[in-house]
Amino acid sequence: MLEFADAQYTDRKTLFVEVILPLAIAKNYTYRVPFELNNIIEVGKRVVVQFGKSKLYTAIVTAITEHPPEKYEAKYLLEILDDRPVVTDRQLQFWKWLGEYYMCYDGEVMNAALPSALKLASETKIALNKEFEYDRAALHDKEYLIVEALDIQPELTISDISKLLSQKTVMPILKELFEKNIINISEEVSDRYKPRKRTFLTLNPAYQGQDNLKELFGILEKRAPKQADAVLAYIKLARHQKAISKSELIEESGAGAASINSLIEKEVFIAEEKNVSRLYFEEEDLDANFELSDQQQAALVSIKQQFEQKDVVLLHGVTSSGKTQIYIRLIEQMIAQGKQVLYLLPEIALTTHIIERLRQYFGSSIGVYHSRFNDNERVEVWQKVLNNEYKVVLGARSSVFLPFVDLGLIIVDEEHETSYKQFDPAPRYNARDAAIFLANMHQGKVLLGSATPSFESYFNARTHKYGLAELTERYGGVHLPVIEVVSIAEETKKKTIQSHFTSVLMTDIQQALTNKEQVILFQNRRGYAPVLLCRICAYTPKCINCDVSLTYHKHSGKLHCHYCGYKEDTPSICPACGSTHLEYRGFGTEKVEDELTLLLPDARITRMDLDTTRSRNSLQNILNDLEEKKIDILVGTQMVAKGLDFAGVTVIGIINADSLLKYPDYRANERSYQLLAQVSGRAGRRGKQGKVVIQTYDPAHRVIKQVIENDYSDLYFTEMEERRGFHYPPFYRIINLDVKHKNSDILYNQATYLSNELRKHFGEERVVGPQVPLVSRIRNYYIQSIMLKFEKDGVSINKVKTTIRDIITQFQTTKLSKGSIVQPDVDPY
DNA sequence: AGCACGCCGACT
DNA sequence: GTCGGCGTGCTC
């Protein structure tokens, strides 16, 4: 098939390459290298190969050998796409580890790791980059042909182009066009990240002197009194705050938007659009030259000392304690040593202006890697990391796949965040855990930061596997909120409780309203009442699909299933016995909102839960209203816990903590703790000390105590374990198995089978589960976890992993688990 | 992931 | 008699 000019190649060895194909297949494949490419073939370069009858794929070379395969004739690889490797040896090693650890195929790891523009395949879609201007005359004939064809038909596949040029090797041409920014490769028509903008106003310096202002007033007062009001309001506001937004000024001055616009037109005000963010992820106000507080300084020193002995340090710092400043100091030191730093953030936190803040510090040496950036940008970051041009990368979980050359430090901010875990598709990796392995490969260090660390990390810190540094004070002297626990039982007895609101909470709410401050009330259940109960026969309507009790929603007047979305009309008589004595039991956000409206008719109350934020902009609208103080009290589910930052919120009320506390397993304890602590952290952040009221029937509950004391040393105990007789923390080695299948029955059998097998191997008492997080039922498959616990000096983790692997292989061959995927999610050491 | 091969049901 | 459903197996 190939012709060679005989003498041209001095090196006539026949070479073969092992490649990874971007497919979910078990094996790696071998291709033959054409002689003329012998000199340039290299591990880590991309090659184009034919796989199957007609499909072309981009594959990564993982090994070069001289041994021809024995059982078949290898096909020739068609092209080499790169002048130098795009994937480093270390990355290949990392991929291999990740694939084994999370039990998936190499090809799946490759798919997750490489930006799609680096993975041209015959079905890859090509389109023109409309945002880029260039000189068409400068294009080569073939490039011109492609561009013209794309004018007529906006999207072509690589095989289309192959036909168009009637030649097979089109990928190098496309690669060239991509690098010239002329085309886009397989860009998903996804909503790209748009930062939220707001208009800020500043007074034109020309009017800033006393005299100038007087003159301006003179003119405005006569001709446009509204505009004069606006300028006056501006001056008033400017006394207390640095940045003044247009909407604030409109509200303060009472002048319409039109007046303000005409002032902008007259250049009295200078308008400037700025990105703003309402999501709060430890992005304290950073002054250009900040000084660390004594406590921060001590933490920094402690972290550095611990890094001498430990690879991972957990920085446990309360909300607003200034973790970011510590990160910056550490990053500076790494850069000074010429090493790279990866700063991982959960997806949502990246949309904030923390990026801008860090750019101020690290200028052009900082790169941002985010799944919502387009592929051109992603490939650019990839190349710059590979060239060691970017010293710092700020990124979401997928940035652990970047080709770092010399990684000195990985910071995992908000370490507990579940968005570090990829659930679907494979590889179902946790970027925090992968980061620990990655850093280890580079002999780098990892700093995990969180105000509410995950149990795994906290446990590892307490058992001295990780180092631990703590920040217990807020930065800038603002005190942590006061937490008051109120017994619902007691207030009920004293009859001081009104509906669901204790006298303590009511007093605090009223105080806040008087001070024109805002309140967030947290009730972790949406709808009006979670159970409808017949008082005569105890019948409760259940979902026909999920067998859980239906929640009454007053808004729709129907009963809803919160798992599958099933709805039915609310019966007025009991379907079982015909009685009319139907009773609503329990309460959700709707009821809280309802009853609060009755008690505080003048307060502006809004509800924020899945039901009120389902439509496109409703979440944004609620957040805007809250920010602009159009809302006094926000009633919400756990949505309010995630990083909402509003200066005006001083009181947080947890309506009923018990619904969070009654679950038996330790994961639920962790979640409850985190939710309570996160919600509490929203109170009074800027300047004013906040107040948190926790209402509960069980004021002595351990989790509540931990929240108050900001310590979770004992959370590993759970009620259930106590009942079963565990009186000291068992030495947990937790294996979460994500068992996924579209057919839940088969799945349940698998998980049960697996845990039974594990019981046989490791003993009855060590295996907990399978546990099904119910949320995932919505998508019609389950992700289950099986937890193994070992007391000290128990079985080694490797033994456990090997056993699991054996069991899985077994039941894959017995066809019990056809189509299922079982992945362990264990601590990477 | 594709794609072919193959074995059963409902159709012009 | 054939069209087409998706189950199974293979791709260097």
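Letters A, B, ... mirror the listed sequences (proteins, then strands); counts begin at 1.
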Quiz item: C/dC12 base to A/Y72 side chain: any donor-acceptor pair below 3.5 Å?
Solution: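 Result: at least one qualifying N/O pair found.
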
Between atom [atom1] in [X] and atom [atom2] in [N], what is the gap in whole Å?
X	N	atom1	atom2	answer
A/Y57	C/dC12	OH	P	11 Å
A/L23	C/dC12	CG	P	11 Å
A/L56	B/dG2	CG	C1'	13 Å
A/Y105	C/dT11	OH	C1'	14 Å
A/L78	C/dC12	CG	C1'	12 Å

Practice problem: Just call it for A/I25: base, sugar-phosphate, or nothing, with non-hydrogen atoms closer than 4.0 Å on any strand. | Solution: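 Base: the residue A/I25, judged by heavy atoms under 4.0 Å, touches a nucleobase.
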
Quiz item: Hey, does A/K71 reach any base, or is it just sugar-phosphate, or nothing, if we go heavy atoms under 4.0 Å?
Solution: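 The residue A/K71 makes no contact with any strand.
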
Residue [X] excluded, over 12 heavy atoms near [atom1] under 6.0 Å:
X	atom1	answer
A/D141	CG	no
A/E73	CD	no
A/K96	NZ	no

Quiz item: Residues in ring-ring contact (aromatic ring centres under 6.0 Å, His included) with A/F404, at least two apart?
Solution: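 Here no residue qualifies.
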
Practice problem: Can you figure out which of B/dA1, C/dC12, B/dC3 approaches the side chain of A/A24 most closely? | Solution: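 Selected nucleotide (nearest to the side chain): B/dA1.
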
